[in-house]
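Below is one structure, written out as structure tokens, with a few remarks after it.
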Amino acid sequence: MTGSSLRAEDTEAPDDAASETVEPPRRRARRVLRWTALALALLLLGTATAGYLYYRHLNHNLAKAPLNLGDSPRPSATPDAAGRTPLNILLIGSDSRNTADDLELGGSRGDVGRPPLADVQMLLHVSADRDDMSVISLPRDTMIPMPRCTDPVTKKVYPELSLAMANESLGRGGPGCTVATWMRLTGIPVDHFMMVDFSGVVDMADAIGGVPVCVEENVWSHTTSGHGSGLKLAAGTHPVKGKQALQWLRTRYGFEDGTDIGRTHAQHMYMNSMVRQLRANATLGNPAEMRRLAEAATSALTVDEGLGTVKELYDLSMELQRVPTDRITMTTLPTTPWAQDRNRLVPATEDADKLVSMVRDDVPLDGRETKQPKPKATDPAAPAADLAVRVRNGTGAGLESPAPDRARSVVEILREEGFTRTTADDAAADEPGTSVLYSGTSLKGDALAVAGALGIPAARVREVEDAQDVTLVVGADWPSGDRFPEPKKRAVPKTAAVLSGATTDACMKIQKGFTW
């Protein structure tokens, strides 16, 4: 993590009150041009590149990297009764200065070659039925645990960390470590990642003719000492593009209370508006504009190997476009100031777990009900006394504290139900939600019988490759009691700052002292 020789007024680093108090000036100077995870360029590709899927050179534009650099396996997704699984994509914004275009937009030449920071991270979750989409943003100053990661090129091993600032994960081997960090934090399996650099943001904002944004008052993100992004807008709605789009996306001083949380809210507003713009005008005017956007998007993106071609990106974008705009819900992970450093954040455990568990369990964040398909017919179960059942304790696999001896408690419950061959398995469970696992279709009826005896929904019964016998993972959603709790209507905590894709009149509040 190297420093910079830039003057304060030449960087956005001072646009961070936390950095001013806890970091030396040279380290602060790296924080230039913060911007949103415009890896929703995925949507751009879906609307803008259909006519160019056969241009092979677009495939060569795409940079690729491994999906998971952590030493833990990817968590398993829970399919619904029809066997469908959700889709989770991690959108990453890198502050790299390793291209001439990126460097021209801001930063010091001393930053070239230093490890990039994942200053923007958003998990995009598409429901199993593809009817709704949820987005969780993680503020970059949040202190979270990080797993052991291995750089795929240099083979350098980065040790496990009990706490580190969220944006540092990208410098620990690449985007695959950011993915591993999210999976450890949330227990949500990540299927793909998309990372974009900020020179691509400028090109794409220009190609679509600007993105409308709104401020309640005149705003100028600037102080007499040179702090701020430089954004200067009159009250009302304006289409921003080019460097002004970057200023909007990186503004901290001037929005709401001047914290990174306000910046996240501005990014959500921008993304919602961008999606509406694209869906309203998918042709983007003419073929030359479409081709420019396709070139800009593919040149700006780094993706996992599973999205390594334009065709694969296009197919994925078609999946996303099935979701109506009014069923896209933007949220921010609830946080609270860290007791050891009030300029840093930590997840607000109760509210953060409520939000994460809803996404993990594929519960729509917009409050609408999900229609459950009828389960498929299955083989009959063997007598309970003949079934070998293993029980594992997964109550501590998410953000919550584990419930000690929970597996053994449930073993006794099952034995009372006649499953006398039930045993506790002390192996660590990495699935935070209660589930019944089995291998081979012949055991599906047995697994459903175990679930039925405990009131566990059939949608939580699924086949995996390596299950021994029938395995019951008791998750954080069932920390006590003899029967799995009846599902309750769950609401997103207010601290998650929900913004619906249907909201067209959102307008940023302006921080006192930053008007003109």
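Positions are given from 1 along the sequence.
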Is the shortest side-chain heavy-atom distance between [X] and [Y] below 4.5 Å?
X	Y	answer
Leu443	Glu463	no
Asn272	Met330	yes
Leu67	Glu305	no
Thr178	Phe193	no
Thr332	His265	yes

So, [X] and [Y], do they make that salt bridge, N to O below 4.0 Å?
X	Y	value
Asp141	Arg263	no
Lys509	Asp257	no
Arg490	Asp477	no
Asp71	Arg184	no

**Message:** Please check if the number of heavy atoms outside Glu350 that lie under 6.0 Å from its CD is greater than 12.
**Reply:** no
**Prompt:** When you look at CZ of Arg408, are more than 12 heavy atoms from neighbouring residues, nucleotides or ligands closer to it than 6.0 Å?
**Reply:** no
Do side-chain atoms of [X] reach the backbone of [Y] as a donor and acceptor pair under 3.5 angstrom?
X	Y	value
Asn393	Ala403	yes
Arg172	Pro147	yes
Asp446	Val470	no
Arg462	Leu437	no
Ser500	Thr329	no

**Item:** Residues in side chain to side chain donor-acceptor pair (under 3.5 Å) contact with Glu412, at least two apart in sequence or another chain
**Value:** Arg415
